[in-house]
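These values consider heavy atoms only, across backbone and side chains, with no hydrogens, waters or symmetry-generated copies.
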Amino acid sequence: MHTLLTPRPELAALADILPGRVTRPGDANYDDRRAVETDPEQSQPAALVQVTSAEEIAQTINFAREHAFELAVRSGGHSAAGYGSVDGGIVIDMRGLDKIELDPATKTVWVGGGSTAGHVLQTLAPHGLVVGFGDSAEVGVGGIVTGGGVGYLSRLYGVAADSMLAAEVVLADGRIVLASPDSEPDLFWAIRGGGGNFGVLSRIKLQARELPEFTGGMLILPATPKVITGFVAAAQAAPEALSSITMVMPAPPAPFIPEAMHGSLVVLAFMAYAGPDDAAARALEPFRALATPIFDTVKSGPFLDLYQGGGGSPPGLPELRTLFVDRVSEDDAQTIVGFLTESDSLMRAVQIRVLGGAINRVPAQQTAYAHRNSQIMVNLVNFYQDTAEQPRRRKWADDLMGALRQSDSGAYVNFIGAEGPERVRAAYPGATWDRLRRIKRQYDPQNLFHRNQNIPPAAE
């Protein structure tokens, strides 16, 4: 049910304030503009504002606050819960804020808050530089960095938030401030993991790294419990220069997979080694020795090659869960195989990301991303096409999460769906939650920015 019934007359004033920037229902490009990757509510915003500066963000925020419009912020549009849109409210569309300014001498780069990871990496590549983002070129930098950012280079360089040096932030009262270790330090701490709760990041300064040699690609193995367990153990024992993002899933009907194996469970892993070819070969050997590979494209080449392919529309709506574990035993692997086998979902998967290395060396209190002792991230997804299926898919995800749960009760905020406040609380352990609530009270006491994995302001 949509809240937007008739246009609100105040929106004409917004169009006058920001001429040429406002898209409303009935405009020719409205449906294209409002589309995000996941939108269970099929939201129909009252207006979308295509901002191109911090000042335009501030004008939009001020208008939404003064006229009591609910506000959403859209960067890459990849929010798992669909928070990049809002029914009957105003969407700040960041995609026009994609300017990138590199300083090769210091290897630092200012990126617009609407830039995508792929756009930044393409800009850096001719200079032999990278920033460690996640695993998708289409994801917005603002979203991934403010949530933490666990990707292909995290074991070597830390999470994406660890590369943030400063940010220009537009606050709930319309002020534009610089957040850095020396300016608004509490805000700077909060936006490195605390999500979009504290303001809109119009520009972000990141530390890039040299990456002169790289080996990466896809490795597909048969998914037996022994192979799954062995793969995780090899990833934990690997040098920090090697990271993997691994899916246990039914083999897709792809031309590079033998037809007889379509639908059979496989370990589909994206491997990433930052370093020389000979060292990469040694690091990869234990994985290739687990079983005869079904498909193996892991080779030396540009880091950006790892981001090719993928994309497209998801196969329905996702029921998502995320958790941290300390180990994946053979019993755990058997549980994963059993759940994946019994589900009749068109698409289901268990993703495993071994952490450690540079992620764990940062003190837990240094950033709002506080899962510094967590060892392995496990993400579960079960897609459904019809809302009548959702209860079954939700039960599958909850039951599997419960079966795999160990002593680490945390959750990674960027992979939480619309799961309620308890799951948001799990993303911020211990004193991190209390500090975030105090900072929220300081910078957004009315909780204007609540279309997110919300951290409510602390009571006075």
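- Legend: residues meeting ring-ring contact (aromatic ring centres under 6.0 Å, His included) with Y428, ordered by chain and number and at least two apart, are absent.
- Within the structure, no pair that satisfies the salt bridge (charged side-chain N to carboxylate O under 4.0 Å, His left out) test touches residues 140-149, not counting sequence neighbours.
- Checked against ring-ring contact (aromatic ring centres under 6.0 Å, His included), Y152 has the following partners two or more places apart in sequence or in another chain: Y307.
- Across every non-hydrogen atom of N414 and G148, the tightest pair is ND2-N, 4.2 Å.
- The neighbour count for E342 CD, taken as heavy atoms of other residues, nucleotides or ligands under 6.0 Å away, is above 12.
- A salt bridge does not link R394 with D399: none of the charged nitrogens is closer than 4.0 Å to a carboxylate oxygen.
- Not counting sequence neighbours, the partners of N454 by the side-chain hydrogen bond (donor to acceptor under 3.5 Å, both in side chains) test are N197, N447, N452.
- Sequence neighbours left out, not one pair with a member in residues 115-134 passes salt bridge (charged side-chain N to carboxylate O under 4.0 Å, His left out).
- For Y443 and F198, the ring centers are positioned 6.0 Å apart or more.
- Side-chain polar atoms of R327 and Q406 form a donor-acceptor pair below 3.5 angstrom.
- Comment: E240 engages R361 in a salt bridge, judged by a side-chain N to carboxylate O separation of less than 4.0 angstrom.
- With sequence neighbours left out, the side-chain hydrogen bond (donor to acceptor under 3.5 Å, both in side chains) criterion links D296 to R288.
- The pair D305-K299 fails the salt-bridge criterion, with no side-chain N (NZ, NE, NH1 or NH2) lying under 4.0 Å from an Asp/Glu carboxylate O.
- When atom types are taken as modelled, the side chain of R155 and the backbone of L242 share a donor-acceptor pair closer than 3.5 angstrom.
- Shortest non-hydrogen contact noted between R24 and D27 is N-OD2, 2.8 Å.
- Remark: the D326 side chain and the S407 side chain contain an N/O donor-acceptor pair separated by less than 3.5 Å.
- By the side-chain hydrogen bond (donor to acceptor under 3.5 Å, both in side chains) test, T322 is found to be paired with N379, residues two or more places apart in sequence or in another chain being considered.
- Counting only residues at least two apart or on different chains, no salt bridge (charged side-chain N to carboxylate O under 4.0 Å, His left out) pair has a member in residues 213-236.
- At a cut-off of 3.5 Å, with distance as the only test, no side-chain donor of E210 or H127 sits close to an acceptor on the other residue.
- Under a 3.5 Å cut-off, the side chain of R437 and the backbone N or O of P456 do form a donor-acceptor pair.
- Residues satisfying the side-chain hydrogen bond (donor to acceptor under 3.5 Å, both in side chains) criterion with R348, sequence neighbours excluded, are absent altogether.
- Between R451 and E41, at least one side-chain nitrogen of the basic residue sits less than 4.0 Å from a carboxylate oxygen of the acidic one, meeting the salt-bridge criterion.
- Proximity of L284 to V298: side-chain heavy atoms (C-beta onward) are separated by under 4.5 Å at one or more points.
- Checked against the 6.0 Å centroid criterion, the rings of F324 and H371 qualify as a close aromatic pair.
- Residues D344 and R393 are paired through a salt bridge, judged by an N-O separation under 4.0 Å between the basic side chain and the carboxylate.
- A search for salt bridge (charged side-chain N to carboxylate O under 4.0 Å, His left out) contacts involving D32 returns nothing, not counting sequence neighbours.
- D332 and S329 form a side-chain donor-acceptor contact under 3.5 Å, judged by distance and modelled atom types alone.
- A donor atom on one side chain and an acceptor atom on the other are found under 3.5 Å apart for R353 and Q351.
- Here A418 pairs with A81, Y83 under the side-chain contact (heavy atoms from CB on, under 4.5 Å) rule; sequence neighbours left out.
- Among residues at least two apart or in separate chains, ring-ring contact (aromatic ring centres under 6.0 Å, His included) pairs with a member in residues 200-232 are F214-F303, F231-F287.
- A salt bridge between D98 and R95 is absent, with no side-chain N of the basic residue lying under 4.0 Å from a carboxylate O of the acidic one.
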